[in-house]
Amino acid sequence: MSSRSMSEQAFLVLTALAERPLHGYAIVQAVEAMSEGRVRLRVGTLYGVLDRLVADGFAERDREEVHQGRLRRYYRLTDSGIQALAAEVNRLTANVRAASSVLRATGFAPPQLGGL
């Protein structure tokens with residue numbers, strides 16, 4: 001995994017690509033749906049994230065198609081991308097557990113998160 005921490009955008013893009021290869025606009029839609037509208041990727045941001053994920057070996061181009069006269073470039077996760085996503089899930093889960101424990105100890109009741 002890369003030495004720099006994973007941004008929320010990169011995490012969500014990797015998550016979107018975990019199911020199947022997607023083209024740019026489909027990634028934007030998946031990220032917006034997954035984040036319940038909190039994260040709306042602009043085209044420049046999306047391709048900046050994808051360029052970094054490709055450079056880190058976490059994603060790669062899958063194929064290109066022409067759709068209604070426009071080129072659609074599809075991306076897919078690599079094995080390293082799956083490992084990086086799993087490592088980030090573990091890191092975030094540990095952080096949520098720690099914060100939830102502190103909140104409970106101080107008398108605040110954090111919302112119940114499935115199995116955390």
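- One N or O on the side chain of Thr78 and one on the backbone of Gly57 form a donor-acceptor pair closer than 3.5 Å.
- Counted within 6.0 Å of CZ on Arg20, heavy atoms from surrounding residues, nucleotides or ligands total 12 or fewer; the atom is thus considered open.
- The structure places CZ of Phe11 at 9.0 Å from CZ of Arg91, a figure rounded to the nearest 0.5 Å.
- Atom CG in Leu50 sits 12.5 Å away from atom CD in Glu60 (nearest 0.5 Å).
- Val28 and Val43 fall within the same hydrophobic cluster, where Ile, Leu, Val, Met, Phe, Trp and Tyr residues are linked whenever their side-chain heavy atoms come under 4.5 Å apart, directly or through other members.
- Partner of Arg73 under the side chain to side chain donor-acceptor pair (under 3.5 Å) criterion, chosen from Glu65, Glu64, His23: Glu64.
- No single ILVMFWY cluster, assembled from side-chain heavy atoms under 4.5 Å apart, contains both Tyr47 and Tyr74.
- A distance of 5.5 Å separates CG of Leu77 from CG of Leu14, quoted to the nearest 0.5 Å.
- Between atom CD of residue Glu88 and atom CZ of residue Phe58 there is a gap of 10.0 Å, rounded to the nearest 0.5 Å.
- Note that OG of Ser100 and CG of Asn95 are 10.5 Å apart. Values are rounded to the nearest 0.5 Å.
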task = Go through the steps for Ile27 and Val49 under the test side-chain contact (heavy atoms from CB on, under 4.5 Å), then give the verdict.
result = CA-CA 11 Å; Ile27 295 170; Val49 168; over 6 Å; no
Quiz: residues 34-41 side-chain donor-acceptor pairs under 3.5 angstrom, not counting sequence neighbours:
unit_1	atom_1	unit_2	atom_2	d
Ser35	OG	Val31	O	2.9
Ser35	OG	Glu32	O	3.3
Ser35	OG	Arg38	N	3.4
Ser35	OG	Val39	N	2.9
Ser35	OG	Val39	O	3.4
Arg38	NH1	Glu8	OE2	2.8
Arg38	NH2	Glu8	OE2	3.0
Arg40	NE	Glu32	OE2	3.2

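- The cluster map of Ile, Leu, Val, Met, Phe, Trp and Tyr, joined by side-chain heavy atoms under 4.5 Å apart, puts Leu71 and Leu46 in different clusters.
- Counting heavy atoms from C-beta on, the side chains of Phe108 and Val102 never come closer than 4.5 Å.
- Proximity of Tyr75 to Val13: side-chain heavy atoms (C-beta onward) are nowhere separated by under 4.5 Å.
- Hydrophobic clustering (side-chain heavy atoms under 4.5 Å, transitive across Ile, Leu, Val, Met, Phe, Trp, Tyr) groups Leu17 together with Leu92.
- Distance alone, capped at 3.5 Å, is enough to place a donor-acceptor pair between the Thr93 side chain and the Val89 backbone.
- Scanning all heavy atoms of the two residues, the minimum distance from Met6 to Ala84 falls at CE-O, 3.9 Å.
- Heavy-atom contacts from other residues, nucleotides or ligands closer than 6.0 Å to CG of Asp79 number 12 or fewer.
- One N or O on the side chain of Thr106 and one on the backbone of Leu103 form a donor-acceptor pair closer than 3.5 Å.
- With rounding to the nearest 0.5 angstrom, the CZ atom of Arg72 is 10.5 Å from the CG atom of Leu22.
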